[in-house]
Structures are given as C-alpha cells and as structure tokens.
Amino acid sequence: MPLAKFCAIYHHTAPINLYYGLREALCLIAEEGLANCCQRHQKNVEYLWDRLESIGLTMHVKQEFRLPTLTTMRVPDGVDAKAIARQLLTEYNIEVGGGLGELAGKVWRVGLTGYNSQPENVDRLVDALQQVL
C-alpha cells in the first residue's frame with residue numbers, strides 16, 4: 001500500500017505533550033544514570049513490599065515474578081476494595097488501581113515509578129492504608 005494511501009486511512013498522531021513528557025523522562029533517567037534509576041526502583045519496591053507485609057497485606061504475585069514498577073496486593077477478606085480506594089483518593093490524594101477482570105475487587109495495584117519511587121511516598125501510602133483499614 002502506498003504511504004499516501006495509508007496516511008489517508010490512518011491519520012492519527014500522538015499528542016505532542018506525550019513526546020515532551022517522554023523527552024523529560026529520558027532526560028531525568030540520563031541525569032540519574034540508568035543503573036542508579038533501576039537500583040532506586042528496586043530498593044524502593046522492596047521497601048514497599050516489606051511495609052505492606054508488616055501491616056498484614058499479602059502480595060498477589062510471587063516475589064520472583066514481581067515487577068519493580070507495579071505491585072499487586074490482595075484485598076483483605078471482608079474489605080470493600082472500591083470504597084478503600086475511593087477513601088485513599090478523597091482523604092489522602094493517593095490513587096490506587098483496582099483489579100481487572102477476574103481480579104476486580106480482589107487486588108489493588110500500586111505504581112511506584114519515576115519520581116514517585118521514593119521512600120517518603122511508600123511511607124505515605126502505607127500509613128494511609130493503616131488508617132483506612
């Protein structure tokens with residue numbers, strides 16, 4: 001198919017602000033150093049896992065398969081996952097994702113990426129979870 005015909009069929013372009021965001025993210029990684037960035041994410045996610053387990057929450061994924069940027073924890077029995085997520089957002093300005101598909105209402109998903117991957121943010125989340133649970 002000629003390029004001109006393809007472009008007439010598919011005319012969408014990604015929003016320019018996404019390119020600026022990507023450029024800034026890559027600049028931050030370059031400034032910190034890729035190895036340092038990866039080490040920071042791993043250190044902070046291990047701290048997150050420890051803190052969550054210390055308040056009685058269970059991780060959904062076995063440790064050897066977990067990602068350093070996304071943690072999935074099980075919702076305790078008898079707890080309304082959506083109500084807790086709503087409370088975290090309205091009272092603490094912390095957004096956690098719910099489970100998708102068959103995991104809806106059974107897990108919360110927490111992203112710990114980029115600038116958000118800081119020990120202070122881990123403490124803030126876990127302290128808020130302790131209050132609402």
Side-chain angles (χ1 to χ4, degrees):
M1 174 185 294
L3 182 59
K5 191 168 190 174
F6 175 78
C7 291
I9 295 170
Y10 189 81
H11 62 277
H12 296 78
T13 302
I16 192 67
N17 58 331
L18 292 180
Y19 290 111
Y20 285 116
L22 175 60
R23 181 183 184 282
E24 182 61 21
L26 292 172
C27 286
L28 291 171
I29 291 170
E31 185 178 300
E32 182 178 2
L34 183 59
N36 292 335
C37 183
C38 292
Q39 288 172 355
R40 175 174 54 87
H41 280 78
Q42 191 63 43
K43 178 182 171 187
N44 289 323
V45 79
E46 289 175 10
Y47 179 57
L48 174 64
W49 298 336
D50 290 344
R51 289 280 331 263
L52 291 171
E53 289 171 348
S54 77
I55 65 167
L57 293 173
T58 306
M59 302 306 103
H60 181 68
V61 178
K62 291 181 183 178
Q63 187 162 350
E64 62 266 24
F65 300 115
R66 293 179 195 164
L67 300 172
T69 55
L70 179 67
T71 295
T72 307
M73 66 193 112
R74 294 188 182 136
V75 175
D77 291 337
V79 172
D80 182 342
K82 284 186 179 181
I84 296 297
R86 190 176 324 108
Q87 190 175 3
L88 287 171
L89 183 59
T90 58
E91 295 179 19
Y92 298 90
N93 200 29
I94 296 173
E95 187 170 5
V96 297
L100 304 171
E102 65 185 45
L103 293 177
K106 298 178 182 176
V107 298
W108 289 302
R109 294 172 299 119
V110 175
L112 195 61
T113 60
Y115 180 79
N116 194 42
S117 183
Q118 303 288 338
E120 301 82 21
N121 291 334
V122 169
D123 291 335
R124 190 167 164 258
L125 168 65
V126 176
D127 293 345
L129 276 168
Q130 280 184 291
Q131 294 299 314
V132 299
L133 291 174

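Residues: numbered from 1 along the sequence shown. These numbers come from the heavy atoms of this one structure, side chains and all, not from hydrogens, waters or symmetry mates.
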Review point. After noting the C-alpha distance and the side-chain angles of D80 and R86, does the key distance pass the salt bridge (charged side-chain N to carboxylate O under 4.0 Å, His left out) rule?
Key: CA-CA 10 Å; D80 182 342; R86 190 176 324 108; 5.7 Å; no
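- Of all the heavy atoms in V132 and I84, the pair that sits closest is O-CD1, 3.5 Å.
- The line from CD of E32 to SG of C38 is 9.0 Å long, rounded to the nearest 0.5 Å.
- Between the side chain of N116 and the backbone N or O of G111, at least one donor-acceptor pair lies under 3.5 Å.
- Considering NZ of K106 and CG of D77, their distance stands at 11.0 Å, rounded to 0.5 Å.
- Pairing each heavy atom of L52 with each of L129, the nearest pair is CD2-CD1, 3.8 Å.
- Rounding to the nearest 0.5 Å gives a distance of 13.5 Å between CG of N17 and CD of E24.
- How far CG of L112 is from CG of L67: 12.0 Å, rounded to the nearest 0.5 Å.
- Nearest approach of V75 to V79, heavy atoms of both residues: CG1-O, 3.6 Å.
- Without hydrogens or angle criteria, N121 side chain to S117 main chain gives no donor-acceptor distance under 3.5 Å.
- Side-chain contact, T72 with W108: no donor N or O sits under 3.5 Å from an acceptor N or O.
- For the atom pair CG (L125) and OG1 (T71), the distance works out to 9.5 Å, reported to the nearest 0.5 Å.
- Atom CG in L100 sits 4.5 Å away from atom CZ in R109 (nearest 0.5 Å).
- At a cut-off of 3.5 Å, with distance as the only test, a side-chain donor of Y47 or D123 sits close to an acceptor on the other residue.
- At least one donor-acceptor pair under 3.5 Å links the side chain of R40 to the backbone N or O of G114.
- Considering all non-hydrogen atoms of both residues, R74 and L57 come closest at O-CD2, 3.9 Å.
- A pairwise comparison of heavy atoms in A128 and I94 identifies CB-CD1, 3.9 Å as the closest pair.
- A pairwise comparison of heavy atoms in A85 and V96 identifies CB-CG2, 3.8 Å as the closest pair.
- L88 and L133 fall within the same hydrophobic cluster, defined by Ile, Leu, Val, Met, Phe, Trp and Tyr side-chain heavy atoms under 4.5 Å apart, directly or through other members.
- In this structure, the side chains of R66 and H60 stay at 4.5 Å or more apart for every pair of heavy atoms.
- No chain of hydrophobic side-chain contacts below 4.5 Å, direct or via other Ile, Leu, Val, Met, Phe, Trp or Tyr residues, connects V45 to V61.
- Two different hydrophobic clusters hold V107 and W49 under the rule that ILVMFWY side chains link at heavy-atom gaps under 4.5 Å.
- Looking at heavy atoms from C-beta onward, R23 lies out of side-chain contact with L26 at the 4.5 angstrom threshold.
- Contacts of E46 classified as salt bridge (Lys or Arg N to Asp or Glu O under 4.0 Å), with partners at least two apart in sequence or in another chain: none.
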